[in-house]
Amino acid sequence: MLGQTVTKTFFKLVNVDLACLIPILSLFFCPVLSIRGVQEEDPPDPQIMRLDNMLLAEGVSGPEKGGGSAAAAAAAAAAGGSPTDSSIEHSDYRAKLAQIRQIYHSELEKYEQACSEFTNHVMNLLREQSRTRPISPKEIERMVAIIHRKFSSIQMQLKQSTCEAVMILRSRFLDARRKRRNFNKQATEVLNEYFYSHLSNPYPSEEAKEELAKKCGITVSQVSNWFGNKRIRYKKNIGKFQEEANLYAVKTAVDAANVSAQASQANSPATPNSGTTCSISSSHNCLLQPTQYIQ
DNA sequence: GTCTATGATTAAAG
DNA sequence: CTTTAATCATAGAC
């Protein structure tokens, strides 16, 4: 029941933003301290170890962040350089994780504080009662143990909920399929330019991929994905891509013409134009060449 | 809401 | 490792 409250909070965090912290403390100061029926709680617990390990691995518990994901994001940001980058999403993810972490720690601290406060409270009560009836140290010890057990079971719920929240966050942010963003226009243009100007063999080398990735502000594997998709989709329906193919062929031809015009301008500035008509025919050459690839 | 385009993931093959 | 082909899940257009 309490766990649900915590979980809900994390759900909220994941979906929208940070909700106010739950007034958990209020729930603790009215529990009936039944002396019987508490011995069945398990102190060793394999599950709590699992939770602890996961929280540690995710960087929620343990020392102040740092870790690989931050370094990876920083590297991505450095490599990307250009604005609309995927590192934005990454930092978003990290921010959410930090929020979860913050909630987790503040809750944990609250529990610890509440635990000691409550223990003190009970001790005082017992001390008062000891004036009217004898209370053995063993009884006090037992009381304290009961309280601690109660609180640690609640801590476990917190850990469970935190784990859940992290899992949800991961699936939401790290599963890129969910957060698919189209590449920006310029990136697509660069990729298409390369693709259609290497239509006979559209398999960029590792170096070429790296350069394209740099130019487009995406990763090398994204370039690979793009070319993989492009090849298969082009092959599947060449007709659909004909227009695009022409467009890019003309574009590169025009670029080439411009370059050659610039070069020739130094030599003979008498023939600057008539480059476009030429370029269309050269584009056809480019498109008709890869018969092997088309079939 | 549907429909298409598109980036990512997967299995299988090399 | 790479690739293809199929598929998933979403973005964006309508």
Side-chain angles (χ1 to χ4, degrees), chain A residues 10-17 57-58 68-97 164-252 283 286-295:
Chain A
F10 278 121
F11 274 135
K12 243 191 201 160
L13 166 69
V14 171
N15 287 329
V16 197
D17 58 343
E58 293 302 329
S69 58
S82 73
T84 55
D85 201 34
S86 62
S87 62
I88 293 166
E89 283 161 31
H90 224 93
S91 69
D92 201 17
Y93 168 78
R94 271 167 49 223
K96 297 277 189 193
L97 191 65
E164 234 173 274
V166 170
M167 294 304 265
I168 291 163
L169 189 70
R170 280 178 74 89
S171 70
R172 217 166 264 280
F173 280 82
L174 261 39
D175 184 357
R177 279 198 288 201
R178 291 188 175 279
K179 273 290 238 187
R180 186 178 70 74
R181 304 258 71 186
N182 290 358
F183 300 151
N184 62 39
K185 229 168 164 188
Q186 181 237 329
T188 317
E189 208 141 288
V190 170
L191 293 167
N192 271 318
E193 247 166 63
Y194 188 98
F195 180 78
Y196 286 113
S197 62
H198 298 72
L199 201 51
S200 55
N201 185 32
Y203 295 85
S205 64
E206 198 55 36
E207 297 85 56
K209 279 183 192 170
E210 271 165 38
E211 186 162 337
L212 285 168
K214 207 167 149 193
K215 249 199 261 187
C216 299
I218 59 179
T219 66
V220 172
S221 60
Q222 280 177 307
V223 172
S224 297
N225 284 340
W226 191 91
F227 273 89
N229 283 321
K230 192 73 184 180
R231 281 190 299 258
I232 195 72
R233 283 163 185 167
Y234 180 83
K235 190 170 85 166
K236 251 183 168 169
N237 190 353
I238 296 165
K240 201 169 70 182
F241 289 93
Q242 202 63 51
E243 207 178 322
E244 189 178 68
N246 280 324
L247 195 135
Y248 280 100
V250 168
K251 192 201 274 281
T252 52
S283 79
C286 188
L287 283 173
L288 293 175
Q289 230 170 20
T291 44
Q292 157 263 340
Y293 178 65
I294 283 165
Q295 286 299 1

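This is a predicted model, so every value here is computed, not measured. Letters A, B, ... are given to chains in the order of the sequence lines, protein chains preceding strands, and every chain is numbered from 1.
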Approximate separation, where rounding is to 0.5 Å, of A/Glu211 CD and A/Glu206 CD: 12.5 Å
Nearest-angstrom distance from the residue atom CZ of A/Arg180 to C1' of C/dC8: 11 Å
Closest contact, heavy atoms only, A/Lys209 versus A/Ser224: NZ-OG, 3.1 Å
Interatomic distance, A/Glu206 CD vs C/dT2 P [rounded to whole Å]: 6 Å
Check ion pair A/Lys230-A/Glu244 (N to O, under 4.0 angstrom): yes
5'-most by nearest nucleotide on DNA chain C - A/Lys209 or A/Lys236: A/Lys209
Minimum-distance nucleotide (side-chain atoms of A/Phe183 versus B/dA5, B/dA8, C/dG12): B/dA8
Any A/Gln222 side-chain nitrogen or oxygen under 4.0 Å from OP1 or OP2 of B/dG7: no
Interatomic spacing from CH2 in A/Trp226 to CZ in A/Arg233 - rounded to 0.5 Å: 11.0 Å
Closest nucleotide among C/dA11, C/dA5, B/dA5 to the A/Asn182 side chain: C/dA11
Spacing of A/Tyr203 atom OH relative to B/dG14 atom P, expressed in whole Å: 15 Å
ring-ring contact (aromatic ring centres under 6.0 Å, His included) partners of A/Tyr248, counting only residues at least two apart: A/Tyr196
Length of the CG-C1' vector between A/Leu191 and B/dA8, whole Å: 15 Å
A/Phe227 CZ to B/dA8 P, straight-line distance once rounded to whole Å: 14 Å
Side-chain N or O of A/Lys240 closer than 4.0 Å to phosphate OP1/OP2 of B/dT4: no
Length of the line joining A/Asn225:CG and C/dA9:C1', which is rounded to integer Å: 14 Å
Sugar-phosphate, base or nothing in reach of A/Asn229, heavy atoms under 4.0 Å: base
Spacing of A/Arg181 atom CZ relative to C/dA9 atom C1', expressed in whole Å: 13 Å
Nearest-Å distance for atom pair CZ/C1', residues A/Arg233 and B/dA5: 8 Å
